[in-house]
Each structure stands twice: as C-alpha cells, then as structure tokens.
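Everything on this sheet refers to the single structure shown next.
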Amino acid sequence: MSGGGAPQGAGSGGEGCTCVADEEGCRLEEDGGSGFSDISDSELLSLQDAAESGDTCSAKKEGLEIIHDNCGKSDVSTGAEQGHHSHHMGLNSAENPVPSDSAQRKRKQKSPTPLEKYSMKHLAVTDICNQIWCEQQMVYKIEQPTVHRPESRAIINEGSSIHLARELEVHDVVPVTTQSREDSWALKCLNILAMIPVLQSGGRIREFPVFRELDGIMVVGVIDELGYSSKGELELRELKTRATPTLPRLAQKKSHELQVCLYKLLFDGMVSGVLQADAVMQHENLRPEQELGADVKEHAIKCGLTVTTLRDVLELTFLNLTFSELPRIDSLKLEYCYQGDSSFLGFDTVTFKEESVMEQVTFYLSYWKGQRDIQGVDIEDAWKCRMCDFADICEWRRNTPRLYRTMTKRFK
DNA sequence: ATTGCTGAAGGG
C-alpha cells in the first residue's frame, strides 16, 4: 500500500527542514494512478488554490500545458508521459544529406553523443546505476520514464513511501515553489547550507544533495543518509527496501555498491573544494545573475540568508562546504529491509576503492560521450530480461538471438 | 541555439 504521507507545510517542531521544489504542481502524469502516484492531497489542494486564485498555472517546462481552471490530476493534458527526454527518436531519415562541402555551414557533421541526443545537462547517480544493470534498459527508461509494469510500479511506490517516512523522522519537508532551474539549484544549495551545521555538530541528516563533474560530465545525486558511527566516523547509509525478504543477489549488489561509491566520490569532492560555481553554471546552462523567485528568496531569509541571485547562493555554498572542514565519508553502508513487515534483513559494508570506482565511471561515462556503442546485458545476465519493462521492444534482444533463447528457456 | 528542454530515487 502506498501510505506516503504528504509533506505538510512548515512544521514547527522539527529539528530542521528540507525544501522540495514544488514545481507549481507540474509533477503530474497522464495516468491518474499508475504514474508518480505520490502527488499528495495537499499538493493537489495547493494546486487548486492556485488555480482558483487566478495564479497562472502555465507549466512551460516539460512542454506541458495545463488549462488552469482544470488543474486537477485527472485533467492533465498529456505530452508529459514521455517525460522531458521525449525528443522524437529515430531521426535517421535525414542523415548525411550529401556532404555538399559548399553550403554546409560549420555545423557539426558527426552525430550527437547520447548526452546531446537526449539534451541532458547531467547524469544522475541512479542513471549510472541503471546502466550497470543494463545499459539498453537505462536508455529506454530515459526515453520512456513512465513505462512500468504494474508490479514494478507498486514495489517502487512502496519503497518511495518508506523512504519519505524515514526522512520525516529527521526533518520536516516544506514545499517551496520554484519558477526556474536557477530556483531549483538555489534550493538544492539552501538544503546543503542547512545540513552542514547539523553534520558539524555530529547530527544525522537525510537527502543530502551532491553534484560534481566526473570525466567532463556533471553527475548529480542525493545521499540517503549521513551520520556518525559509534567510532565517530562519518558514515553514509543507503536504505534499500525489498519486495522479498531476501538479500539481493550479486547483480543487484553491484549496482547498489557503485551507487554509494559514487555518492562518496561526489561528497568528498564537494567538501574538498573541487567545485566551482562557473563549472556548474556552464554545465547546467544556468544564468548566474538571474534573480531568484520570490518563494525561494523568502525561504532563504527564513534560513538567515539574504541572497538575490543563484551566484550568491552557489558561492556561499561552496565557501561553507570547504571552510566547514567536514570530514570525508569514512564508511559506506547498505541497509536492507523487507517492505512487507519492515523487518530488517541485513547490512552490507562497501569497500571504496578509488581506482576501481574511477575505472567503472570512465567506462560507463564513455557511452554518454559517444565513445562506444551501447552494451546490453551479457548472455549470462539474460535472466534480467524476464523482468524488464521493455523486453518486448528491446533492440538489444532482437539483435541478439542467442540472448533471446537463453532468456526464454525455462531452466531446471 | 530551428534559442530551451529534467527534483533523484524509487526495485529487480
């Protein structure tokens, strides 16, 4: 069951709070139920309020037009069901139109890299983790983010709500309206600024945003939990909720392990000063002097900060990160628990080997830079296809007949 | 720049 409670408005009793970008309610999906079902009642209410009070509810981002007197969940015009990555695929028809060396301007002749093709400014840590599971599937997920078999969807929703419940144990979540990507980044920074002192005083935090350039690509993520072990070491904890009361098998563990290693790589970089405001601005194509939205500025004031532009916030954040002398992450822990009865299944301690992690990162990012072809699952991993949401449309499978036979074989 | 494109993680 999806019990994900709504992050209610600014609670007063918490030890802290996190702001979530409340993109004017644009986190909507066509299908009222199977999609991101955790749009909460309170979010819907605030949407309706906004509509009634005549607020423009135009959601240009995502190419989604909402008729604003019908701003309810069931009335979302589609167009978003393919998500933001829904650039029409398969434009190969017009390819290489005769290299008429004359009129052809200085446009790049070479085909775009996958990163360019999907207009991605950055990769998420979880993109890379999906990539380690199956690169072909990861691409399908980017192209069609809302495609899920119902059973996958239910398990994922349950996991989300358990995570949210845990988050609410350590701080409140207050919705903040963002009007631009600059606003979203500012909010991310405000969250970091709010969490630094908690870490400094030995406290525990959840949902810590991290980002850093790796191999020329911006990688962003959110650390599930940071706290201190009994030995006083800074410890990263990543909760994995499971649909079966079993520990994961190797293939899945590999993905989880890389996930926490990537978080450490990003976090350590941030506290040791490798971040530069300009690099972030360039990668993300942000306007540094753009004035921040009213709600973001208002929230900054509540945090005791007077800021007007994203540059202000970013630089403040980087200064704080480097001068707070936060430790690097000492220990990486995966915690598994069973969705059914919340019982604890076990811990895994992950060893961080920098060379090995960087080697993997280089390999996975090379795909995004167009340096190699896509690589679907190997024969021995063909079992993954049996529970893949995209099995029936998969090019990799179609082009790998041996894989298909292995996959469909009912072994034993 | 056919001028702008995205909360990440969520589980297997």
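Just so we're on the same page: letters track the sequence lines, and every chain starts at 1.
- Looking at residues two or more places apart in sequence or on another chain, you find no side chain to side chain donor-acceptor pair (under 3.5 Å) involving A:R249.
- Proximity note for A:S119 (side chain, C-beta onward) versus B:dA9, B:dC5, B:dG12: the nearest is B:dC5.
- Nearest nucleotide to the A:N285 side chain, out of B:dC5, B:dG10, B:dA8: B:dC5.
- Listed nucleotides B:dG12, B:dC5, B:dG10 differ in distance to A:W133; the shortest reach to its side chain belongs to B:dG12.
- Applying the 4.0 Å criterion to OP1 and OP2 of B:dA9, one finds that A:Y263 has a side-chain N or O inside that range.
- Counting only heavy atoms from C-beta on, A:A124 has its side chain closest to B:dA8 among B:dG12, B:dG10, B:dA8.
- The side chain of A:R181 lies closest to B:dC5, out of B:dC5, B:dG12, B:dA9.
- Map A:S255 and A:K121 each onto its nearest nucleotide of DNA chain B; the residue landing nearer the 5' end is A:K121.
- No more than 12 heavy atoms of other residues, nucleotides or ligands sit less than 6.0 Å from atom CD of A:Q276.
- Atom CZ of A:R153 and atom P of B:dA9 are 15 Å apart (whole Å).
- The distance between atom CG of A:D127 and atom P of B:dG10, rounded to the nearest whole Å, is 13 Å.
- One finds no side-chain N or O of A:R249 lying less than 4.0 angstrom from the OP1 or OP2 phosphate oxygen of B:dG12.
- Along DNA chain B, the nucleotide nearest to A:W185 and the one nearest to A:I155 differ in position, and the one closer to the 5' end is contacted by A:W185.
- Dashed line: the shortest gap from a side-chain N or O of A:T241 to OP1 or OP2 of B:dG10 is not under 4.0 Å.
- Judged as a side chain to side chain donor-acceptor pair (under 3.5 Å), and not counting sequence neighbours, the contacts of A:E235 are A:R237, A:S331, A:K333.
- You'll find a donor-acceptor pair under 3.5 Å spanning the side chain of A:K141 and the base of B:dG11, going by distance alone.
- Interface remark: the A:E151 side chain does not form any donor-acceptor pair with the B:dG12 base, using a distance-only criterion of under 3.5 Å.
- A 4.5 Å side-chain heavy-atom check between A:L305 and A:L193 finds at least one atom pair inside the cut-off.
- Under the 6.0 Å distance and 45° angle rule, A:K240 does not count as a cation-pi partner of A:Y336.
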